[in-house]
K.L.:
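Before we start, here is the structure in question, set down as structure tokens.
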Amino acid sequence: METLVPYAIWAVLLLAGIGLLLIVLFGLRNLTFGKVSPVSIAIVALPGLLMLGLGLGLGDWAQAGVITFLVMLLLALLSLFLSSLRGFIGL
């Protein structure tokens, strides 16, 4: 049974990679056809770009992942606060 574990891990990584590649390809396709706005594509790509930049800059991918998570959490909280403030003021 222990011999199947590495194959299962590689199968999961392969399927996740194929899924990510298809997401990128269909996102670019929808962008070229005008079905989505470039701003929404940029918002979706922000965590990946932040992770890539921090990982290459710091050299420690685990620390880059934690910092990316914290930055995205703070951005989400800030956007929720500004959205509620906008609704409260009536803009």
Side-chain angles (χ1 to χ4, degrees):
M1 190 64 152
E2 297 88 28
T3 58
L4 292 177
V5 173
Y7 296 117
I9 291 173
W10 279 108
V12 167
L13 290 175
L14 181 67
L15 288 174
I18 290 171
L20 186 60
L21 180 66
L22 288 174
I23 288 171
V24 169
L25 288 176
F26 282 111
L28 290 174
R29 177 182 167 264
N30 288 336
L31 185 63
T32 58
F33 287 155
K35 293 182 179 180
V36 292
S37 69
V39 174
S40 63
I41 295 288
I43 290 172
V44 170
L46 181 65
L49 293 174
L50 184 62
M51 175 74 178
L52 183 66
L54 285 172
L56 292 174
L58 295 174
D60 185 12
W61 290 93
Q63 186 178 6
V66 171
I67 292 172
T68 300
F69 172 75
L70 292 175
V71 168
M72 295 309 296
L73 180 66
L74 289 174
L75 287 175
L77 289 174
L78 181 65
S79 66
L80 284 172
F81 174 72
L82 292 176
S83 175
S84 63
L85 187 64
R86 181 179 170 200
F88 181 71
I89 294 174
L91 294 175

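Along the sequence shown, residues carry numbers from 1.
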K.L.:
Just how far is it from atom CD1 of I9 to atom CG of L14, taken to the nearest 0.5 Å?
P.N.:
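One gets 13.5 Å once the value is rounded to the nearest 0.5 Å.
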K.L.:
Check for a donor-acceptor pair, side chain of S84 on one end and backbone N or O of L80 on the other, with a separation under 3.5 Å.
P.N.:
yes
K.L.:
Quick one: which of T68, L73, L75 gives a side-chain contact (heavy atoms from CB on, under 4.5 Å) with V71?
P.N.:
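The option that passes is L75.
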K.L.:
Can you give me the closest heavy-atom contact between A76 and S79, atom names plus distance?
P.N.:
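Taking A76 first and S79 second, the nearest heavy atoms are O-OG, 2.8 Å.
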K.L.:
Between L46 and M72, does a side-chain contact (heavy atoms from CB on, under 4.5 Å) hold up when you go through it step by step?
P.N.:
CA-CA 9 Å; L46 181 65; M72 295 309 296; 4.1 Å; yes
K.L.:
Are L56 and W61 packed together at the side-chain level, in the sense that at least one heavy-atom pair is separated by less than 4.5 angstrom?
P.N.:
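Heavy-atom side-chain distance check passes, below 4.5 Å.
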K.L.:
Working to the nearest 0.5 Å, report the span between OG1 of T32 and CG of N30.
P.N.:
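Result: 7.5 Å between the selected atoms.
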K.L.:
Linking I/L/V/M/F/W/Y whenever any side-chain heavy atoms sit under 4.5 Å apart, do V66 and F69 land together?
P.N.:
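V66 clusters together with F69.
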K.L.:
May I have the step-by-step check of side-chain contact (heavy atoms from CB on, under 4.5 Å) for F81 and L85, ending in yes or no?
P.N.:
CA-CA 6 Å; F81 174 72; L85 187 64; 4.3 Å; yes
K.L.:
Say whether L50 and I67 are linked into one hydrophobic cluster, either directly or through other cluster members, by side-chain heavy-atom distances under 4.5 angstrom.
P.N.:
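Same cluster: L50 reaches I67 through Ile, Leu, Val, Met, Phe, Trp or Tyr contacts under 4.5 Å.
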K.L.:
Verify the cluster assignment for L82 and L74: are they in a single hydrophobic cluster under the rule of side-chain heavy atoms below 4.5 Å apart?
P.N.:
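No, because L82 and L74 fall into different hydrophobic clusters, even though each may have its own neighbours under 4.5 Å.
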